[in-house]
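Let me begin by presenting the structure, written as structure tokens, before commenting on it.
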Amino acid sequence: MTTNIPNEALKRTHTCGQLRASDDAQTVTLCGWVQSYRDHGGVVFIDLRDRDGITQVVFDPDAGEQQHSLARHLRDEWVISITGVVRSRGEDRANDKLGTGEIEVFSKNLIVLNRSEPVPFQLDEHHTTGEENRLKYRYIDMRRPAMNNALRMRHAITKAMRDVLDARGFVDVETPMLCKSTPEGARDFLVPSRMSRDGFYALPQSPQLFKQILMVGGIDRYYQIARCFRDEDLRADRQPEFTQLDIEMSFATEQDVMDTTDEVLRKVTAACDIDYPETVAVMTYEEAMRRFGSDRPDLRFGMELCDISDLVADSEFGVFSGAVKNGGTVQCIVVPGGADMTRKETDGLADWSKGFGAKGLAVTKVAESGDAFETGIAKFINPLAASLIERTGAKPGDLLAFGADVMRVVRRVLGELRCKLARERDMIDPAAFEWLWVTEFPMFEHDDEAGRHVALHHPFTAPFAEDWDAYQAEPTKMRSRAYDIICNGLELGGGSIRIHTPEMQKAVFNFLSISDEEAEEKFAFLLDALKYGAPPHAGLALGLDRVVMVMLNLPSIRDVIAFPKTQKGSCPMTAAPGIVDEEQLTELSLQMIPEEGSKTAPADKAEEADPLAGML
RNA sequence: GGGGCAGUAGCACAAUUGGUUAGCGCACCGGCCUGUCACGCCGGAGGUUGCGGGUUCGAGUCCCGUCUGCCUCGCCA
């Protein structure tokens, strides 16, 4: 049945989404999958689907007994070719749910190209299945228009990126996948090799150092759609392997990189029929943290943080005055109409806030009168009602949620809270796209656990010269020349002006407690390169998966990746990662270490549970 | 590593307080049907209730453990 397919059967004249009434009486050949069959005993209808749409095909007994009986055997997802004549369906028989609904194809020649066993899940829009199943049978899932479209749009987006960068003289250069493990940053995926008994490659977390070295090499303008690898726990927007649009430019300022990125994103959004602002708002890290409690604020809604520390410093309410006295802060957000929340709901928020390090979450509601609070902590703060309501602009029926703690915790909790409430209370326009550049990040952050400073962006980011001179003794006050592009509260990309002198690079390493010796051992190639005429350079990387996810308004990057991994990093389709032969390990000079407290324990326990086990 | 939700036929779901032979729809198989479009009608087959233990006269249901998937905190320069 599947052998000897005539070549003509594969010569499609149209896709299944193309034909219209104006094609009436044409002879056409279509190929595709059977989406549904409706056998009336006499006439048989088939919905034929390909990447482009669905066309109804009709088989009539009059067209020949052999053909008709073959048509009656068709089942879901069989692959067929039909040649036939387009017939206008007329007003009464048209199907306005289909783009091709005004016509049908009267089949003259049906050829079964391949049969299909009943598929593990149904493909029409009325059925769904779990994600694990979709990943295991990804080739079936991909036939769904939504999934098919996501991959097509991903292509349209990468093409738009390439077009812009090509027009601006950027050169696509490939960088190695087998790299050297470097300290700092995420956990590396390591790759052993037969050729080296004790050496390991690492898969690149990003092509960062290679692209900088390309600048030293005079490439001037580089881009790459690069696969990156990080062995960290996964999320809806994080995969162990992901893709970046990686860009680097010589002799460039922040503005040059941001302009280039804006133009890339303008073309990308245009490809997705989405507007991009003439000029994207720019906000410093400090302002973003102060107003939104986040370095990637979502500007689709308000509820900005309001600092009331000065108003409550002398309050009788010890939780507030105490926080201020201990050098902390008291801030709040106003939830419009939030007075409709129940005690149970606000208690739930307090519990939730503990997950971000808060001790709790105080709330109160603005009374109808508009000049007093009721419920929650009202009785403690009503003496300050007038000044608090004036400061916050709260209206009757609003809810105030307070954080009182050290600055870091208060901003984090209220910043997360405003996003959570906006989401849950339908305060977000699903069609809105709010873009923002965040700049002037801190250069260093103190890692209390490790007892040292770590780079907020990465250790190759240049500080502002004036900060470098001013804050040698207080490195956390230094700002870096880094910038992030934010859309709807999601970090889509980031970059920086790079350090281009070996002296500065070593000095920054020293702040990170990387000694000259260690720097020499781990980063000799970079330090060497910087010695030999490295031009000033800057760049940025966009998270391609996230860009596509945001453009298509999807909840997970797994929906825009052809073959993604599960949260534990496995692939249900190929069953990777898999066990390898002892022989392969030996060849690599590797040995498995048995798991600690391994599986013998439960078996012992089971025996103990049955006192007769040993006696029978 | 921590917290949360879920797992019943190929798929999606139901099963009262722990109580008869675990049900329904789609898909599948057989039959009927010449204008359907998620076609319809008649009949049939299909189950280790994720896995392992426990409580009980009796467990899909309760308890413990475990596996898998998803969300999340930590982590992710």
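Because only heavy atoms are used, hydrogens play no part in the values below, and waters and symmetry mates are left out as well, while side chains stay in. Every chain is numbered from 1, with letters handed out A, B, ... down the list of sequences.
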d(CG, A:D92; P, B:C37) in whole Å: 14 Å
5' priority, RNA chain B, between A:A94 and A:F460 [closest heavy atom]: A:A94
Contact residues, residues 507-521 of chain A to RNA chain B [heavy atom, < 4.0 Å]: none
Nearest-angstrom distance, C1' atom, B:U17 to B:U56: 15 Å
Under 4.0 Å protein heavy-atom contact, by nucleotide of nucleotides 69-76 of chain B - B base, S sugar-phosphate only: SBBBBBBB
Interatomic distance, A:D351 CG vs B:G3 P [rounded to whole Å]: 15 Å
Between B:C37 (C1') and A:Y37 (OH): distance, integer Å: 15 Å
Nucleotide B:C39, atom C1' - distance to CG of A:L74 in whole Å: 16 Å
Partners meeting ring pair (Phe, Tyr, Trp, His ring centres under 6.0 Å) with A:Y222 (sequence neighbours left out): none
Pairwise P distance for B:G3 and B:U21, with rounding to whole Å: 39 Å
Neighbours of RNA chain B within residues 41-54 of chain A, by heavy-atom distance under 4.0 Å: A:G41, A:G42, A:V43, A:F45, A:D47
Spacing between A:H73 atom NE2 and B:C28 atom C1', to the nearest angstrom: 15 Å
Nearest-angstrom distance, C1' atom, B:G47 to B:A22: 8 Å
P spacing across the pair B:A45 / B:G60, given as an integer number of angstrom: 23 Å
Residues within residues 485-492 of chain A bordering RNA chain B, heavy-atom distance below 4.0 Å: none
Letter per nucleotide, 5' to 3', of nucleotides 4-13 of chain B [B base touched, S only sugar-phosphate touched, - untouched; heavy atoms, 4.0 Å]: ------BSS-
Watson-Crick or G-U counterpart of B:U68, or none if no pair lies under 3.5 Å: B:A6
Phosphate OP1/OP2 of B:C39: any A:R38 side-chain N/O under 4.0 Å: yes
Whole-angstrom distance between B:C26 and B:C73, as gauged at atom C1': 40 Å
